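If you're wondering where the values come from, they're calculated on a predicted model, not measured in any experiment. Both counts, for ligands and for their atoms, begin at 1 and track the order of listing. By convention here, the first residue in the shown sequence is residue 1.
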Amino acid sequence: MAQIIYNESTREFHLQNSRISYILCLLENGQPGHLYFGKRLTHRDSFQHFIQMRTQSHTAYVYENDFLFSLDTIRQEYPSYGTTDFREPAFEILQENGSRICGFSYKSHTIFRGKKPLSGLPATYTEEGDDAVTLELVLEDPLLETDLVLSYTIYEDYDAVCRSVTFHNHGKQALSLTRALSMSVDLYDSDFQMLQLDGAWSRERHITSRPLTKGIQSISSARGASSADHNPFMVLKRAHTTEFSGEAYGFSLIYSGNFLAQAEVNRYETARISMGINPFGFTWKLKPGEQFQTPEAVMVYSENGLNGMSQNFHNLFNNRLVRGVWRNQERPVLLNNWEATYFNFNEEKILDIAGKAKELGVELFVLDDGWFGKRDDSGSSLGDWYSDLRKLPEGVEGLSKKVAAMGMKFGLWFEPEMVNKVSRLYEEHPDWVIRTPDRHMSHGRNQYVLDFSNKAVVDYIFESMKNVLEHSEISYVKWDMNRNITEAYGSVLEPERQGEFFHRYILGVYDLYDRLTSGFPQILFESCASGGARFDAGMMYYAPQCWASDDTDGAERIKIQYGTSLAYPVSSIGAHVSAVPNHQVKRMTSLSFRAHVAYFGAFGYELDPNELTEDEQQEIREQIRFFKKYRKLIQFGDFYRLRDPFENHGDGAWMVVSKDKNTAVFSYYKVLAQPNPKLRKLVLTGLDPDKKYRCSRTGETYYGDELMNMGFLEDPQFTGTSARKDGVRQDSGSDAGDFTSRLYVLECCL
Ligand code: DGJ
């Protein structure tokens, strides 16, 4: 059972479920200290011995004639700077007298079952009957007459602690928050490797690993979106931790804007991990009577390696972050016309594609960019969310009804946050664009960003999208966002509030998402940002799936999907089969290789099926039939990474096991063929050792324990020679050439 035990005599809080413990206490100055985060500990009367202080450490001390109590050495929960701690703090408050020194100490606390929603922000939630419990720890700075509420929730079913912080100014002076992170924790040591998800357009969420070293190591975004460069997520793992065993801590920020995630290793080699809104460029005015709530951070601990950590995130996000009708719902197989037509289409062409897609088994047709205003290229019409009647004589309304009449669902692309100068919207409201007064205005893809910190803008966009959604048969929306913010400035914000701009912008995005998802609860939203440049847990609260990357090449996608899966579930990873030569890297791969990769996601196609041969169309029919049969398992089963493409020249392998361990699907990929290669086997995991499984492809049966110890012997790779015997080549091995893959289903047969 998840519980939070308060020990009044030691002033300790022990958060625990059946597998993990998180222990904090009140230090002698009333500040919260950190004691432990890791595998569950037996509760005891005191954990005070976990506090280690140092005499003679040649630092500053809090109390006169005391050479022990120094915040420089004591591990803390939500530290401030300058009262004997010299590390980067979790928060900083600029006061009217210019000081930034604070003195928050314990005021009260409450422990209650369940969890409160965050205001205007995405967050994990609980439902009636959930075994989850929350601690709200209220700290007060009497001089500032300000409270700080630290919220911690622990679930029984997920090994996660969810944290957020609220500042309340009850006093008389106007304060400025110049830093307000969501979490901070001082881990006992720094013997970790830090993993992060880095990239750029078309190669998002590649895994980077580095050992923690003294000083600050951080990732962040200042682009106005979480970005393709770094994801708001990081992992600390021990050197010996593998995918399958060893300690791993994962930290995820449920936020889509500018963020910071960092580890600071100090003189005693403890590691301060913190995460939240990027303090760079951030200030938030907190006037008397006002309050500010940070986004939520999720901290996961696993002793079962990286896969164990990831599965906690997957289960938590699938069950307690994604909401509404699409939670745990199999995602429709879709076909998107972007790579099939780009901007160049008309109704006839679209109906041709949709008709063929339907015939092949596709369930949802998605009309991408180019249906509105007078949009023939990226230079015009963003913001004009009404149909281009030149291309669609009966508008989206007519088209969507025709697609629906074919027995297929219809989806539509929007880019709600953007405008082109060549548009009606810009003509009527040039002042709605983000720009700094009297300064040059930079562009990205010929477009400009609307000021979503201005409610009037959000209201307008909501009304125009609502109008389209209400009048057409739309069951899916792809929400794109194709440029970062420059010359940031909020036109309706007072000068002293300009530091709030980026956060207010993202609150505006969340507001629009909230209105659309509550107004149209049946619609499935897919988020997108030039591919996966805003793939984060914040988006997932509104949009259960996200277009992972504009790179649809199968070989590149192995890395992208592998990295993404560190934090995000298979159900959320938009993955499509596209045409060859691939549009991003010009690579040729087989149709089956592309599908074997894309199956492990929210699966679909991004091509013109009419351009395929009969054989290829037949192959797609079979792919879709296969996928529909196993998608529940693939999208919501337990996913395991088996072979790391970042360490195996791009080769990868993964598997998904049903929760009852009766069925599993696994797949491996070879990117480049090697001459005379070594033998290879794939050691599976997550199966029931005592169950017997039949393999669909080999027809053989295997016990779970064989597959998880000896492993599955892979198809021998090709070794060739031009020598012939009796006219026959003396080759061996069936797995020949570059870009090959194998996919197997195991069904329990006992
Ligand atoms: C970027 C997206 O990632 C693509 O899938 C496509 O929707 C284009 N934008 C359309 O402009």
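By the side-chain contact (heavy atoms from CB on, under 4.5 Å) test, Phe502 pairs with Asn258, Ile485, Ala488, sequence neighbours left out. A search for side-chain contact (heavy atoms from CB on, under 4.5 Å) contacts involving Lys466 returns Phe462, Glu463, Glu470, Phe520, not counting sequence neighbours. Residues satisfying the side-chain contact (heavy atoms from CB on, under 4.5 Å) test with Lys632, not counting sequence neighbours, are Glu330.
The side-chain heavy atoms of Ile523 and Thr517, taken from C-beta on, include no pair separated by under 4.5 Å. Between Trp371 and Ile350 the shortest side-chain heavy-atom distance does not fall below 4.5 Å.
We find the CE-OG distance between Met234 and Ser218 to be 9.0 Å, quoted to the nearest 0.5 Å.
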Short N or O contacts of ligand 1 with protein, under 3.5 Å, listed by atom name?
unit_1: ligand 1; atom_1: 3 (O); unit_2: Gly531; atom_2: N; d: 2.8
unit_1: ligand 1; atom_1: 3 (O); unit_2: Asp550; atom_2: OD1; d: 2.4
unit_1: ligand 1; atom_1: 3 (O); unit_2: Asp550; atom_2: OD2; d: 3.2
unit_1: ligand 1; atom_1: 5 (O); unit_2: Lys478; atom_2: NZ; d: 2.7
unit_1: ligand 1; atom_1: 5 (O); unit_2: Trp547; atom_2: NE1; d: 3.3
unit_1: ligand 1; atom_1: 5 (O); unit_2: Asp550; atom_2: OD1; d: 3.4
unit_1: ligand 1; atom_1: 7 (O); unit_2: Asp368; atom_2: OD1; d: 2.6
unit_1: ligand 1; atom_1: 7 (O); unit_2: Asp368; atom_2: OD2; d: 3.2
unit_1: ligand 1; atom_1: 7 (O); unit_2: Trp413; atom_2: NE1; d: 3.1
unit_1: ligand 1; atom_1: 7 (O); unit_2: Lys478; atom_2: NZ; d: 3.0
unit_1: ligand 1; atom_1: 7 (O); unit_2: Asp480; atom_2: OD2; d: 3.3
unit_1: ligand 1; atom_1: 9 (N); unit_2: Asp480; atom_2: OD2; d: 2.7
unit_1: ligand 1; atom_1: 9 (N); unit_2: Asn482; atom_2: ND2; d: 3.4
unit_1: ligand 1; atom_1: 11 (O); unit_2: Asp369; atom_2: OD2; d: 2.6
unit_1: ligand 1; atom_1: 11 (O); unit_2: Arg445; atom_2: NH1; d: 2.9
unit_1: ligand 1; atom_1: 11 (O); unit_2: Arg445; atom_2: NH2; d: 2.9

